[in-house]
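Below is one structure, written out as structure tokens; comments come after it.
The first residue of the sequence shown is numbered 1, and numbering continues consecutively from there.
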Amino acid sequence: MELQKRQDQGQPERKGQKRKLEEEFEEEREISVAPSGEAHQALSCEVSAQVSILNATFSWKEADRAAAKRATHVLAELAKNEEVVNVIVDGGAVPALVKHLQAPPSSDGDHDQRPFEHEVEKGSAFALGLLAVKPEHQQLIVDNGALSHLVDLLKRHRDGSNSRAVNSVIRRAADAITNLAHENSSIKTRVRMEGGIPPLVQLLEFADTKVQRAAAGALRTLAFKNDENKNQIVECNALPTLILMLRSEDAAIHYEAVGVIGNLVHSSPNIKKEVLLAGALQPVIGLLSSCCSESQREAALLLGQFAATDSDCKVHIAQRGAVRPLIEMLQSADVQLREMSAFALGRLAQDTHNQAGIAHNGGLVPLLKLLDSKNGSLQHNAAFALYGLADNEDNVSDFIKVGGVQKLQDGEFIVQATKDCVAKTLKRLEEKIHGRVLNHLLYLMRVSEKAVQRRVALALAHLCSADDQRTIFIDNNGLELLLGLLGSSSPKQQLDGSVALYKLANKAMTLSPVDAAPPSPTPQVKGSMLTEFAFWHLQMHSVQCLMVVIGRRMQEI
């Protein structure tokens with residue numbers, strides 16, 4: 001379907017999560033950097049001094065290790081200020097830091113005593129990760145050989161040690177890989193070629209939750225728009241562990257896990273099937289009620305992806321309880337949360353039963369309100385969802401009763417795709433104004449409160465067929481309701497009424513007596529001719545009313 005294709009093209013792309021790496025070291029040192037020339041000179045001298053220390057201390061001597069640890073710490077603290085990252089790189093810090101990602105060469109006496117083991121490597125990985133926040137430095141770091149060393153650091157736990165230092169160095173290595181590969185397709189591929197994906201998948205089961213989170217963050221980045229990486233992550237049997245992580249009470253854990261799965265299934269139908277077979281659907285639906293709005297957003301986007309083509313999945317998502325929390329998210333203060341929930345509901349609304357369920361659960365009004373958004377993507381997602389709801393006859397009366405037709409007609413839509421979607425929605429509604437739908441609307445015109453009666457009359461003036469005009473506007477007093485709007489104290493209601501009457505008159509012109517069959521001489525037709533005359537008179541009266549209102553408006557202007 002054309003509209004569905006547009007929705008796919010307009011879908012917000014997932015971004016690999018760039019880690020900020022701004023947690024403090026155990027030791028603290030504050031270095032203030034001012035933008036003045038003197039401060040810049042002092043900074044360059046400081047960087048040169050630390051680089052010289054790193055270049056001169058690559059050994060297991062305790063004094064060297066202590067000095068190297070301190071130097072990596074100083075450079076990392078400086079690199080937290082992005083404004084001075086270029087100065088650090090220009091000062092030659094990258095090759096010096098890469099060198100210290102590995103342990104120094106061992107001599108015979110070094111095996112028994114290894115001071116600050118893992119500490120220097122951790123500091124180097126941390127500093128390089130901060131430097132990699134700037135995309136222009138990513139390739140330089142990789143070209144200096146950082147990736148192979150970082151991948152080796154991911155395996156530091158294999159010697160059986162589980163100390164805090166080991167956990168920290170693994171986490172810093174995973175974070176550095178995340179930043180190096182962020183939005184850099186060639187480096188994502190290099191990580192795979194260096195063997196980085198299998199150890200990252202293994203770390204998803206690591207005892208330390210910070211390590212789990214860092215590993216998931218790296219996999220999330222590596223999976224984004226890289227099919228070979230996606231396939232290897234799945235082949236390494238990451239899905240069962242990731243699905244378990246979706247159920248974690250730790251918001252940071254399930255946020256990263258749903259992000260990895262989302263990037264894996266994006267544009268990958270085969271992986272999407274594997275993810276669903278592995279049991280991801282229910283825990284993802286569960287995340288719609290997470291305390292973490294980012295997890296809710298990711299879960300809604302993922303459910304929209306699940307529902308994209310598989311009709312059975314659309315039904316299962318609704319049956320398993322996704323509709324109510326998605327509708328609640330439409331009213332969130334978070335724009336992205338509203339956008340993703342509207343996206344998911346739009347996909348679910350391609351199923352007939354879901355269309356009725358979404359409207360029944362109160363989704364219609366908040367979706368209509370989103371048409372007022374100044375965010376083009378959010379507005380389009382809402383319009384697409386409404387297009388789906390309009391396909392079900394059970395929703396048409398509700399659509400009209402809450403003023404949906406006027407909302408669609410009066411809306412200011414940002415992109416052409418949204419305008420086209422709204423036009424198709426109005427056409428869908430128009431095609432359903434007959435039979436039981438029309439009977440229900442006529443019933444509402446008789447028994448509902450005045451505001452609803454007027455909304456129905458206004459909508460029918462635009463949507464009904466010419467053949468039904470007598471029934472609606474003479475037999476059921478629809479014309480009286482429209483004429484009543486002309487006397488309203490609200491300029492908007494006056495305008496709506498006059499436009500509806502004008503539309504009605506134009507439709508009635510198609511029933512001109514000139515084109516009708518010759519009148520029969522039988523008495524029964526006299527009444528028909530009188531009715532035709534009365535109806536024609538009402539047409540002219542409505543046009544005259546319109547002219548009067550327009551004249552008044554012009555005088556006011």
Side-chain angles (χ1 to χ4, degrees), residues 368 393 395-410 426 429-516 524-556:
L368 287 167
E393 285 189 353
N395 294 339
V396 175
S397 297
D398 289 334
F399 228 111
I400 292 174
K401 187 166 68 172
V402 299
V405 172
Q406 287 77 40
K407 196 79 171 177
L408 293 169
Q409 290 172 333
D410 297 342
L426 288 168
L429 293 170
E430 182 179 358
E431 291 169 351
K432 291 174 172 52
I433 305 299
H434 57 80
R436 67 186 180 93
V437 172
L438 180 56
N439 288 336
H440 187 205
L441 291 171
L442 293 175
Y443 174 76
L444 292 176
M445 280 178 52
R446 293 195 301 271
V447 305
S448 297
E449 59 185 26
K450 201 71 170 180
V452 172
Q453 290 179 348
R454 286 175 171 175
R455 287 179 198 144
V456 173
L458 284 170
L460 288 176
H462 290 276
L463 301 180
C464 76
S465 70
D467 293 338
D468 292 322
Q469 283 184 305
R470 282 192 189 85
T471 302
I472 298 167
F473 295 101
I474 295 180
D475 299 343
N476 286 275
N477 298 319
L479 191 60
E480 181 181 343
L481 290 169
L482 295 180
L483 292 171
L485 288 171
L486 300 182
S488 169
S489 59
S490 165
K492 176 68 168 62
Q493 287 191 348
Q494 291 179 10
L495 181 60
D496 287 345
S498 60
V499 170
L501 286 165
Y502 180 71
K503 181 80 172 179
L504 192 60
N506 281 340
K507 284 187 179 182
M509 293 294 286
T510 63
L511 297 179
S512 170
V514 176
D515 298 326
Q524 291 91 333
V525 179
K526 276 190 176 181
S528 175
M529 292 175 64
L530 289 172
T531 302
E532 189 73 47
F533 177 80
F535 193 69
W536 186 259
H537 176 73
L538 288 171
Q539 291 178 45
M540 296 304 101
H541 179 63
S542 66
V543 174
Q544 291 168 359
C545 290
L546 172 64
M547 296 301 105
V548 170
V549 171
I550 292 175
R552 288 175 181 171
R553 294 275 74 76
M554 293 299 294
Q555 289 176 357
E556 291 173 4

Could you go through the side-chain hydrogen bond (donor to acceptor under 3.5 Å, both in side chains) check for D468 and S465 one step at a time? CA-CA 6 Å; D468 292 322; S465 70; 3.0 Å; yes
Less than 4.5 Å apart, side chain to side chain, heavy atoms only: is that true for V405 and L408? no
Point-to-point distance, once rounded to the nearest 0.5 Å, from CG of L426 to CD of Q409: 6.0 Å
I need the N477 CG to I472 CD1 distance, nearest 0.5 Å. 12.5 Å
Residue pair K401 / V456, side-chain heavy-atom distance below 4.5 Å: no
Roughly how far apart are F399 CZ and K407 NZ, rounded to 0.5 Å? 12.0 Å
With heavy-atom distances below 4.5 Å as the criterion, would you say the side chains of V499 and H462 are in contact? yes
The residue among V437, I400, V396 that forms side-chain contact (heavy atoms from CB on, under 4.5 Å) with L429 is V396
With distance as the sole test, does N476 use its side chain to make a donor-acceptor pair with the main-chain N or O of L442 at under 3.5 Å? no
Review item, side-chain donor-acceptor pairs of residues 478-491, under 3.5 Å, at least two apart:
| residue | atom | partner | partner atom | Å |
| --- | --- | --- | --- | --- |
| S488 | OG | S490 | N | 3.0 |
| S488 | OG | Q493 | OE1 | 2.7 |
| S490 | OG | K492 | N | 3.4 |
| S490 | OG | Q493 | N | 3.3 |

Is there a side-chain contact (heavy atoms from CB on, under 4.5 Å) between S397 and Y443? Walk through the geometry before answering. CA-CA 10 Å; S397 297; Y443 174 76; over 6 Å; no
How many angstroms lie between atom CG of N506 and atom CG of L501, to the nearest 0.5 angstrom? 11.0 Å
Close side-chain approach of E449 to Q453, heavy-atom, < 4.5 Å: no
Would L460 and M445 count as a side-chain contact (heavy atoms from CB on, under 4.5 Å) if you check the C-alpha gap in whole Å, the side-chain angles of each, and the deciding distance to 0.1 Å? CA-CA 11 Å; L460 288 176; M445 280 178 52; 3.8 Å; yes
Spacing of K503 atom NZ and C464 atom SG [to the nearest 0.5 Å]: 10.0 Å
